[in-house]
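Everything below concerns the one structure shown next.
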Number of protein chains: 2
Amino acid sequence: MTDVGTASTPMGSIDPIEVLVTADLVILTIQNGILKVALVVRGEDPFEGQFALPGGFLRVGENNLDAAKRELEEETGLDPGRLALEQVGSYSDVDRDPRGRVITCAFLAIAPDLPNPRPRRGSDARSASWVNVFHGADIKVALAFDHDQILRDAIRQAQRKLQYSTIATAFCLPEFTIGELREVYEAVWNTSLDRANFHRKVKNASEFIVPTGRTRHPKGNRGRPAELYRAGEGVELLNPILRGTLARS
Amino acid sequence: MTDVGTASTPMGSIDPIEVLVTADLVILTIQNGILKVALVVRGEDPFEGQFALPGGFLRVGENNLDAAKRELEEETGLDPGRLALEQVGSYSDVDRDPRGRVITCAFLAIAPDLPNPRPRRGSDARSASWVNVFHGADIKVALAFDHDQILRDAIRQAQRKLQYSTIATAFCLPEFTIGELREVYEAVWNTSLDRANFHRKVKNASEFIVPTGRTRHPKGNRGRPAELYRAGEGVELLNPILRGTLARS
DNA sequence: GCAAAAGTGTTGTCGTTACACCCATGC
DNA sequence: GCATGGGTGTAACGACAACACTTTTGC
């Protein structure tokens, strides 16, 4: 690399700083109506033995999204091409990594509850597992580095996006019921919603869900079979689904 | 810095890559009802003589936000402590900078139309100026690097935030009229809104604006004086102001 | 009075809420 | 029948779009 530093500062006295870059992942899924995040146990210093977000260093020829997708596949075995993946933000505090100057670009990945969603043993992790996000009304904390801040920001972003976008379907398998979609909102918002009004709202929302004509029996085979839907083409909800009203089941 | 690269990859064959980091700024303001973005003309290669977003390299002891604030002050003379400044995202494509591996963290800065808002001559810029964002219905493009993509993303972010947050007041001086606030929406959304309905909506919105009891005469001293307001404490709008209906003046 | 901009009234429409109710199924 | 979850009806309420109208000022 040419010396772009002194060239860009006529004073000549201030050099830019080279840093290492990581892509960290907040991978969310819902299991049995509970919001889970994929965490690894660090296998080495710093923070050895502590929970952290999965992630890893940027390599030659990769941009941040490439690195995030690679880490996603390495640590979970999930196909990155089929998952919703979007930036949360960058975290760059000087002291955030005791090894030196490392900034991270955090990504939010949303996954359906797949048959085998448990993160595999990763290259830089001792083990990996799904962990409950909420403990009561609060968000799980006590992660390595500044990862609890990243987690909180990512959860907030996911909560916001449910209001204004159709991203909730990313938590679902290709075919899903309206009840399952409601469970997504309830899990991510950590609340409960009125069943009837939710049903009408998403059904009437343009481009949100598309009926497949097929049905599925409820768990336990007790009750009326539900209509199955797939995700529509829409991205933004014209009428946002606002948090604020919580009703009984 | 210790060698964290090989240490974090047991295979030992893949090293992390060190990169340079810049903070780039999309500084928006409104002048006479027109949305403007601060652009510099590059004073050196690459892209010498072309328009670009103001920005610069991260220095020792700075995080991204520090660097953004420093650049903001250097290039515009604006007080970063008084401006709304938020992340847009990171841009990290391998070929985005011909000098080598440089990633950027883009920030959106929103400024009121100050008495002397013209960006000052910056250290790495030949000149700086406010440039119209919209040309007809389209967004101005043809910037250096991937800055036109950054600009488009930042504009979209600003447009979205106007719907759901009280950020519009950041475009205004400490005291403003409802008409001026409406001009903010009209400039950023590049549309026109119904005067009467907008008036009622923001007036009734909780925590958005607070009356000061003072009034100001319209430009030209023709017409009824308008009530003056200041920004309220609220951040999120409970009832979003949705784009979609455009009415006459 | 007139022009201009601020601000209010009014009405129909549409989305939302709360809650009652019906439907389809397995047991 | 009964339990269970899916799905619809409905009436009160609130937000909103459209647009007419009034108010307050300088000239």
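Chain letters run A, B, ... following the sequence lines, proteins first, then strands; residues in each count from 1.
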Rounded off to whole Å, could you give me the [atom1]-to-[atom2] distance for the [X] and [N] pair?
X       : N       : atom1 : atom2 : result
I241(B) : dC16(D) : CD1   : P     : 9 Å
N204(B) : dG9(C)  : CG    : P     : 11 Å
R216(B) : dT24(D) : CZ    : C1'   : 17 Å
R243(B) : dC16(D) : CZ    : P     : 17 Å
K201(B) : dA15(D) : NZ    : C1'   : 7 Å
F198(B) : dC16(D) : CZ    : P     : 12 Å
L228(A) : dG7(D)  : CG    : C1'   : 14 Å
E227(A) : dC23(C) : CD    : P     : 16 Å

Query raised in the report: Any donor-acceptor pair under 3.5 Å between the side chain of R224(B) and the base of dT23(D)?
Result: yes

Requested in this report: Examine the base of dG7(D) for any acceptor or donor lying under 3.5 Å from a partner atom in the side chain of R195(A), and report the outcome as yes or no.
Outcome: yes

Query raised in the report: Given K36(B), which of T29(B), N132(B), D113(B) fulfils the side-chain hydrogen bond (donor to acceptor under 3.5 Å, both in side chains) condition?
Result: N132(B)

Query raised in the report: When you check the gap from the basic side-chain N to the acidic O, do K219(A) and E183(A) get nearer than 4.0 Å?
Result: yes

Query raised in the report: Under 4.0 Å between a Lys/Arg side-chain N and an Asp/Glu carboxylate O for R216(A) and E180(A)?
Result: yes

Let's see if you can work this out: which of [options] has an atom nearest to the side-chain heavy atoms of [X]?
X       : options                  : answer
D194(A) : dC19(C), dG9(C), dG26(C) : dC19(C)
H217(B) : dG26(C), dG26(D), dG6(D) : dG26(D)
R200(B) : dC19(C), dG7(C), dG9(C)  : dG9(C)
I178(B) : dG5(D), dG26(D), dG7(C)  : dG7(C)

Query raised in the report: Is there a donor-acceptor contact under 3.5 Å from the side chain of D146(A) to the main chain of Q149(A)?
Result: no

Report task. Nearest-nucleotide wise, let me know which of R222(B) and A226(A) is further upstream toward the 5' end of DNA chain D. Result -> A226(A)

Query raised in the report: So, is H199(A) close to the dG6(D) phosphate, meaning a side-chain N or O under 4.0 Å from OP1 or OP2?
Result: no

Counting any heavy atom closer than 4.0 Å, what does [X] reach on the DNA or RNA strands: base, sugar-phosphate only, or nothing?
X       : result
N239(A) : sugar-phosphate
K203(B) : sugar-phosphate
N197(B) : base

Query raised in the report: Quick one: does R82(A)'s side chain get under 4.5 Å of P174(A)'s, heavy atoms only?
Result: yes

Query raised in the report: Closer to the 5' end of DNA chain C via nearest nucleotide, is it P225(A) or P218(B)?
Result: P218(B)

